[in-house]
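Since the structure comes first, as structure tokens, the remarks are kept for the end.
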Amino acid sequence: KQKRMSHKRISYFYDSNVGAFYYGSDHPMKPFRIKMAHQLILNYGLYRHLNVFEPHYATDDEMAQFHTKEYINYIKNISPQASNEFSVDPSEINFNIGGNDCPAFQGLYNFAQISCGASIDAAIRLNYGYSDICVNWGGGLHHAKKTEASGFCYVNDIVLGILELLKHNNRVLYIDIDVHHGDGVEEAFYSTDRVFTASFHKFGDFFPGTGCIKDIGKKQGKYYTLNVPLNSGIQNVDYFNLFQTVMGAVIEKYIPNAIVIQCGADSLAWDRLGPLNLTLEGHGQCVSFIQSFGIPLLVLGGGGYTIKNVSRCWTYETSLLLKKEIPNEIPANDYYEYYGPSYLLHIDPKNEDNKNTREYLDLIQKRCLEHVKFLDSAPSVPFHTPPPDLRTTEDVNARLKSKAQKEDEFYDQSNQPNKQIFAVCLCKC
């Protein structure tokens, strides 16, 4: 059995520049939601219980651990003016960048660097036991492929984080509760038993169109991919009962050394793009359940397109990880007006039909549990010399120490100079 953690040490990664990136006026992806979540985490006082870090900017070589160098170089050098989101000649689109879904916006390369740098830094802290849980709400970009952007995602920070975890851990479990199938991560690890991928998602005529229950992995990875296809309208009780039963069985059989959970908030009710009907409580129950196993845990963001609910969700889940109760009333913050008319943390579900019948859910659960029976219990890994860490712990700690010594970096100079944002390490770690 896994050793339970007696004391939670939770690290939180945030870069104050992340909210300034802009996909376009009509694009549903708004990185600003990450800054909104950060504001709530500050003003609820949750930051006082976190080890707060500013991540490094991932290098080309780090991102090329998964993506091709040609692809990374293209992202680095593409001109935003070359891909106007409304008038792009299809012949001019390379690597699926350009057009409406994956526009070439100003600062695209830096945005990818921040997301990936935080997930890599988080994995290093977990590897060396400096943290029990790491949180990167700016990560979770699960659709990006090795040589292609997809679904608003350009560089796959999740894959990079998992690759780093695999240097010190035999088995990593990846869980995805975004409304969309986690296709980029699944594809990256489809042929290995060292990573088990599980995705709970809307299936059918819905992006990306993958994630059938029959997709189970191949070669060495056969049965180490699990897809849980859902219909529209599923609510808290049905979702969590299925999640708890299936993931409990997976963890008991697979015995992962580390877990990565992608917490896309587009599975909430009222999302602009998602047709599920969860509230913060139902979504958060899944995170708390995974945390309860006491296994080193990397918690990531993901989708979510009703931005006031995204920030609500990730703030609430930060409080759950900390086991700190927070009031339902939204505290005063720079973006308070976004939370009207209720100005409350929690949301109600929509009044709509649940198209997941009891018979359907029972069938899906049965198929998933049968799938788990085929797993080897804690598959072994042949002895090998692990590749070197992308960044040594000495490098990370030295940089964090030097950052913390620059007092002006505790503030967001671009807005209100007296507003603390705590975007660097504030702890002795």
Notebook entry, point to check: What's the verdict on side-chain contact (heavy atoms from CB on, under 4.5 Å) for L226 and T197, showing C-alpha distance, side-chain angles and the deciding distance?
Noted result: CA-CA 6 Å; L226 179 66; T197 64; over 6 Å; no

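- R194 places a side-chain N or O within 3.5 Å of a backbone atom of N170 that can act as its donor or acceptor partner.
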Margin query: Would H201 and N227 count as a side-chain contact (heavy atoms from CB on, under 4.5 Å) here? Give the steps.
Written below: CA-CA 8 Å; H201 52 268; N227 284 298; 3.3 Å; yes

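- Heavy-atom neighbours of E370 CD from other residues, nucleotides or ligands within 6.0 Å: above the threshold of 12.
- When ring centroids are compared, Y224 and F189 stay outside the 6.0 Å threshold.
- Residue W137 comes nearest to L300 through the heavy atom pair CZ3-O, 3.6 Å, listed as atom of the first residue, atom of the second, then distance.
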Item checked: salt bridge (Lys or Arg N to Asp or Glu O under 4.0 Å) between K145 and D183, intermediate numbers included -> CA-CA 8 Å; K145 308 296 186 355; D183 57 335; 3.1 Å; yes

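- For D61 (side chain) and T59 (main-chain N/O), no donor-acceptor pair under 3.5 Å exists by modelled atom type.
- Between I78 and A104, the shortest heavy-atom distance links the atoms CD1-CB, 3.5 Å.
- For K69 and D60, the salt-bridge test fails: no basic side-chain N is under 4.0 Å from an acidic carboxylate O.
- In summary, the side chains of E62 and H56 do present a donor paired with an acceptor at a separation below 3.5 Å, with no hydrogens or angles considered.
- Of all non-hydrogen atoms in P229 and F203, the two that sit nearest each other are CB-CB, 3.4 Å.
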Note to self: Show, in sequence, the C-alpha distance, side-chain angles and deciding distance for K146 and F66, and conclude whether the side-chain contact (heavy atoms from CB on, under 4.5 Å) test is met.
What the structure shows: CA-CA 6 Å; K146 188 177 184 70; F66 172 58; 4.0 Å; yes

Check: Taking it one step at a time, do L298 and I259 satisfy side-chain contact (heavy atoms from CB on, under 4.5 Å)?
Finding: CA-CA 6 Å; L298 174 54; I259 299 176; over 6 Å; no

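- In the model, Y71 has no side-chain atom that pairs as donor or acceptor with a side-chain atom of N73 under 3.5 Å.
- In this structure, F240 and C286 have side chains that are in contact, with non-hydrogen atoms separated by less than 4.5 Å.
- Remark: the backbone N or O of P296 is not paired with any side-chain donor or acceptor of D132 at under 3.5 angstrom.
- In this structure the side chain of L42 never reaches within 4.5 angstrom of the side chain of N333, judged on heavy atoms.
- In summary, the side chains of S11 and R125 do present a donor paired with an acceptor at a separation below 3.5 Å, with no hydrogens or angles considered.
- The six-membered or imidazole ring of F289 lies near that of F293, with a centre-to-centre distance under 6.0 Å.
- Other residues, nucleotides and ligands contribute at most 12 non-hydrogen atoms within 6.0 Å of the NZ atom of K218.
- Note that the CG atom of L40 and the CG atom of L46 stand 9.0 Å from one another [nearest 0.5 Å].
- Annotation: the span from I290 atom CD1 to I177 atom CD1 amounts to 9.0 Å, rounded to 0.5 Å.
- There is a side-chain donor-acceptor pair under 3.5 Å between D178 and Q262.
- Side-chain contact of H181 with T210: a donor-acceptor pair under 3.5 Å is present, judged by distance alone.
- Checking N241 against Q365 by side-chain atom types alone, no donor-acceptor pair falls below 3.5 Å.
- Between the side chain of R9 and the backbone N or O of G129, at least one donor-acceptor pair lies under 3.5 Å.
- Here the straight-line distance linking atom CZ of F53 with atom CG of D121 works out to 9.0 Å at 0.5 Å rounding.
- The six-membered or imidazole ring of H180 lies near that of F206, with a centre-to-centre distance under 6.0 Å.
- Taking the six-membered ring for Trp and the full ring otherwise, the centers of Y47 and H38 sit at least 6.0 Å from each other.
- K222 NZ to D193 CG: the interatomic distance, rounded to the nearest 0.5 Å, is 14.0 Å.
- Heavy-atom contacts from other residues, nucleotides or ligands closer than 6.0 Å to CD of Q244 number more than 12.
- Counting only distance, with no hydrogens or angles, the side chain of S267 and the backbone of G264 share a donor-acceptor pair below 3.5 Å.
- Considering all non-hydrogen atoms of both residues, L345 and L280 come closest at O-CD2, 3.6 Å.
- For N236 (side chain) and T279 (main-chain N/O), a donor-acceptor pair under 3.5 Å exists by modelled atom type.
- Looking at F105 and H27, their side chains never come closer than 4.5 Å, going by heavy atoms from C-beta outward.
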Mind listing the side-chain donor-acceptor pairs of residues 150-160 below 3.5 Å, one per line with the distance, residues two or more places apart or on another chain?
from	atom 1	to	atom 2	distance (Å)
Y154	OH	P103	O	2.6
N156	OD1	I158	N	3.2
N156	OD1	V159	N	3.1
N156	ND2	A144	O	3.0
D157	OD1	S115	OG	3.4
D157	OD1	G140	N	3.1
D157	OD1	L141	N	3.0
D157	OD2	S119	OG	2.8
D157	OD2	G140	N	3.0

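- A donor-acceptor contact shorter than 3.5 Å links the side chain of Q39 to the backbone of D334.
- No more than 12 heavy atoms of other residues, nucleotides or ligands shown are found within 6.0 angstrom of CZ on F374.
- Interatomic distance, I261 CD1 to Y174 OH, rounded to the nearest 0.5 Å: 9.0 Å.
- A donor-acceptor pair shorter than 3.5 Å can be found between the side chains of D176 and H142.
- Under the ring pair (Phe, Tyr, Trp, His ring centres under 6.0 Å) criterion, H346 pairs with Y316, not counting sequence neighbours.
- Aromatic ring centroids of F243 and H283 lie 6.0 Å or more apart.
- The closest side-chain donor-acceptor pair between D271 and N309, if any, does not fall under 3.5 angstrom.
- The aromatic rings of Y12 and Y14 sit parallel to each other, their planes meeting at less than 30°, with 60° as the upper class boundary.
- Contacts of K253 classified as salt bridge (Lys or Arg N to Asp or Glu O under 4.0 Å), with partners at least two apart in sequence or in another chain: none.
- Atom OG of S131 and atom CG of L126 lie 6.0 Å apart (nearest 0.5 Å).
- The side-chain heavy atoms of Y254 and R171, taken from C-beta on, include a pair separated by under 4.5 Å.
- Using modelled atom types, one side-chain atom of S311 and one backbone atom of K308 make a donor-acceptor pair closer than 3.5 Å.
- Nearest heavy atoms, I251 versus L173: CG1-CD2, 3.6 Å.
- Taking all atoms of both residues into account, the shortest heavy-atom contact from R272 to Y305 is CD-O, 2.9 Å.
- A donor-acceptor pair under 3.5 Å is formed between the side chain of T306 and the backbone N or O of W270.
- Not one N or O on the side chain of E164 forms a donor-acceptor pair closer than 3.5 Å with the backbone of A123.
- A heavy-atom distance below 4.5 Å is found between the side chains of T245 and L369.
- Between Y335 and Y338, the two ring planes are perpendicular [angle over 60°; tilted spans 30° to 60°].
- You'll find the ring centres of H143 and F207 inside the 6.0 Å limit.
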